Undergrad: 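Pasting a structure here, questions to come.
All figures in this text were calculated on a predicted structure; none of them were measured in a lab.
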Amino acid sequence: MISSLSFSSSSSTATLFTCSTAPRVSTSRISCFVKTDGGGGGVWRRSRCPYLVLCTSKFRGVADMLDEENSYSRGAAAAPAVAASSSVSDQREILHPRTFLDARSGEDLLLGIQKETEAGRLPINVAQAMEELYLNYRNAVLQSGHPNANEIVLSNMAVALDRIFMDVRDPFQFSPHHEAIREPFDYYLFGQKYIRALVDFRSSFLGNMSIFNEMEKKLHQGENIILVSNHQSEADPAVISLLLESTSPFIAENMICVAGDRVVTDPLCKPFSMGRNLLCVYSKKHMNDDPELIDMKKKANTKKLGERDGPAFEAPFDASAVDNMRRLTEHAGVPGHIYPLAVLCYDIMPPPPQVEKDIGEKRMISFHGVGLSVARNINYHETTATLRDPEEAKMAYTQSLYSSVCEQYNVLTSAIHGKQGLKASTPTVSLSQPWL
């Protein structure tokens, strides 16, 4: 699942890139994709526009991106348009069977899966994954104790299974730069509603809300913002949007995510991805799944991807990637600021313990509290003012960002897992629950 933006103000447009790919907890490497104000004519270049970039540690090789940007831009510019016209989309909706939308119970949903499988319209592996998804989602939502839990499960899963089934019958093809589909079916609101039922907002926390407000002001002033973050699961983008929707809706709804191939090819992921603004790349972990597509995937990527599994921070961020991100920001033609961001949402959708090559990898789901926090922007020149060695300066700056993300993550962990709640706040991380 892809979470994370295109921003519009009265005078300019800003873009938030959320570098989220497959559902892995990975915080050891960072890279990002930055649009600049160079006016070079590439498809990703625009004139004097502010950009907000949310980068997760899933990515490495930003240095390579500098060399590959022009070739990727040419490829993206030459790529055929894949977005269907509204009339075609409407026709797609009209002709689609209502097998799941007409269901009146969970049993009807399961019978619908069986019916479409027996009719040869659902591959067995996808059908099994759909059934497992329904059962896991049902159990997770029932954990919430919500008085209408059964109705919520039926409503959300009927739509989810319907969208999955539609894509199996008529696969959607993502363009290199995908814009969220909001009509005739609103995929963004669908994804938000689906994940919302898994979030225990009573045990969820937002860190330093005032800084998020500060970032929105800077965006409207035409400035760039980079968010350097850890990455938890495929639910990251939806969680970020849910925790910011009441206080920073501008950021919450318009993120652009960098998406790996898994979330734009797996039929269980695709409906959620279709509701997000995306830049599509191919994950190194799944690069060799189909030998015939290896060369195409390598050429299509804007950068190499590296992934490491595990629920905790395992190694510092990649200093070269961070430094390239910083240099791109400084040469973008508009003021830029880099903020460290921490996300904690591993528990609601933890990734499988091993890489699954087959479509429809198992997804464990649970009802749990989540957290999001941002710290003050960290200025490179102030942080490294006393250092003469460029390499030492890169390491020092990277460590400052990494330490801040870890500090915030630990505060969120104390608040949620340690059950300290708002008392877990520190002088540098002020927790709040603006949705209550």
Undergrad: Would you say L198 and Y137 make side-chain contact, with heavy atoms under 4.5 Å?
TA: yes
Undergrad: Check whether S425 reaches the backbone of S430 with its side chain - one donor and one acceptor, N or O, closer than 3.5 Å.
TA: no
Undergrad: For D318 and A321, indicate whether the former's side chain and the latter's backbone hold a donor-acceptor pair under 3.5 Å.
TA: yes
Undergrad: Any sub-3.5 Å donor-acceptor pair from S144's side-chain atoms to V141's backbone N or O?
TA: yes
Undergrad: Using the test side-chain hydrogen bond (donor to acceptor under 3.5 Å, both in side chains), find all partners of Q399 that sit at least two apart in sequence or belong to another chain.
TA: S403
Undergrad: Should L109 and L154 count as side-chain neighbours, where that means a heavy-atom distance under 4.5 Å?
TA: yes
Undergrad: Identify whether the distance between the nearest side-chain nitrogen and carboxylate oxygen of E179 and R276 falls below 4.0 Å.
TA: no
Undergrad: Mind checking side-chain hydrogen bond (donor to acceptor under 3.5 Å, both in side chains) for S404 and listing every partner two or more places apart, or none if nothing turns up?
TA: Q408
Undergrad: Ignoring hydrogens, what is the shortest heavy-atom contact between S400 and T383? Give both atom names and the distance.
TA: OG-CG2, 3.4 Å
Undergrad: Under the 3.5 angstrom rule, does the side chain of S248 hit a backbone N or O of L244 as a donor-acceptor pair?
TA: no
Undergrad: Under 3.5 Å, is there a donor-acceptor pair between the N410 and T413 side chains?
TA: no
Undergrad: So, E116 versus T99: side-chain donor-acceptor pair below 3.5 Å or not?
TA: yes
Undergrad: Judged by modelled atom types alone, do Q128 and E132 share a side-chain donor-acceptor pair under 3.5 Å?
TA: no
Undergrad: Can you confirm if the NZ or CZ of R169 lies within 45° of the ring axis of F165 and under 6.0 Å from the centre of its six-membered ring?
TA: yes
Undergrad: Under a 3.5 Å distance rule, please check whether D162 uses its side chain to pair with a backbone N or O of A158 as donor and acceptor.
TA: no
Undergrad: Do side-chain atoms of D170 reach the backbone of M166 as a donor and acceptor pair under 3.5 angstrom?
TA: no
Undergrad: List the steps, then state whether ring pair (Phe, Tyr, Trp, His ring centres under 6.0 Å) holds for Y346 with H368.
TA: CA-CA 9 Å; Y346 178 83; H368 206 279; 9.9 Å; no
Undergrad: Centre-to-centre under 6.0 Å for F174 and F172, is that the case here?
TA: yes
Undergrad: Please lay out, stage by stage, how E407 and T428 fare under the test side-chain hydrogen bond (donor to acceptor under 3.5 Å, both in side chains).
TA: CA-CA 9 Å; E407 177 188 4; T428 56; 2.7 Å; yes
Undergrad: Any ion pair linking D266 and K270 (charged N to carboxylate O, less than 4.0 Å)?
TA: no
Undergrad: Answer yes or no: is there a donor N or O on one side and an acceptor on the other, between the side chain of N208 and the main chain of V374, under 3.5 Å?
TA: yes
Undergrad: In the structure I gave you, are the side-chain heavy atoms of L242 and I195 within less than 4.5 Å of one another anywhere?
TA: yes
Undergrad: Does K394 pair with E391 as a salt bridge, N-O distance under 4.0 Å?
TA: yes
Undergrad: When the ring planes of Y187 and F185 are compared, do they come out parallel, tilted or perpendicular, using 30° and 60° as the limits?
TA: perpendicular
Undergrad: Go through the steps to decide whether S366 and Q143 satisfy the test side-chain hydrogen bond (donor to acceptor under 3.5 Å, both in side chains), and finish with yes or no.
TA: CA-CA 8 Å; S366 67; Q143 291 174 20; 5.1 Å; no
Undergrad: Check this for me: does any side-chain nitrogen of one of R98 and D102 sit under 4.0 Å from a carboxylate oxygen of the other?
TA: yes
Undergrad: Tell me whether the count of non-hydrogen atoms from other residues, nucleotides or ligands lying under 6.0 Å of CZ in R121 goes above 12.
TA: yes
Undergrad: Checking the side chain of E131 only, and the main-chain atoms of I113 only, is there a donor and an acceptor separated by less than 3.5 Å?
TA: no
Undergrad: Got more than 12 heavy atoms from elsewhere within 6.0 Å of CD1, I124?
TA: no
Undergrad: Is there a side-chain contact between L133 and I164, using heavy atoms and a 4.5 Å cut-off?
TA: yes
Undergrad: Does the side chain of P171 reach to within under 4.5 Å of the side chain of Q173, using non-hydrogen atoms?
TA: yes
Undergrad: Any side-chain heavy atom of N277 sitting closer than 4.5 Å to one from H178?
TA: no
Undergrad: Under the side chain to side chain contact (heavy atoms under 4.5 Å, CB included) test against L412, which residue among L344, V429, L372, L206 passes?
TA: L344
Undergrad: Do side-chain atoms of N230 reach the backbone of V343 as a donor and acceptor pair under 3.5 angstrom?
TA: yes
Undergrad: Parallel, tilted or perpendicular: which one describes the rings of F201 and W435, with boundaries at 30° and 60°?
TA: perpendicular
Undergrad: With a 4.0 Å cut-off, would you call E214 and R376 a salt bridge?
TA: yes
Undergrad: Knowing that exactly one of Y397, F317, Y409 qualifies, which makes a ring pair (Phe, Tyr, Trp, His ring centres under 6.0 Å) with Y402?
TA: F317
Undergrad: Would you say the side chains of H337 and N379 form a donor-acceptor pair under 3.5 Å?
TA: no
Undergrad: List the steps and the verdict of side chain to side chain contact (heavy atoms under 4.5 Å, CB included) for I225 and L227.
TA: CA-CA 7 Å; I225 291 180; L227 298 177; 4.1 Å; yes
Undergrad: Would you say S241's side chain and A252's backbone share a donor-acceptor pair under 3.5 angstrom?
TA: yes
Undergrad: I'd like to check E253 versus E245 (side-chain heavy atoms, cut-off strictly below 4.5 Å). Are they in contact?
TA: no
Undergrad: With sequence neighbours left out, write down each residue that passes side-chain hydrogen bond (donor to acceptor under 3.5 Å, both in side chains) with D347, or none if nothing qualifies.
TA: H417
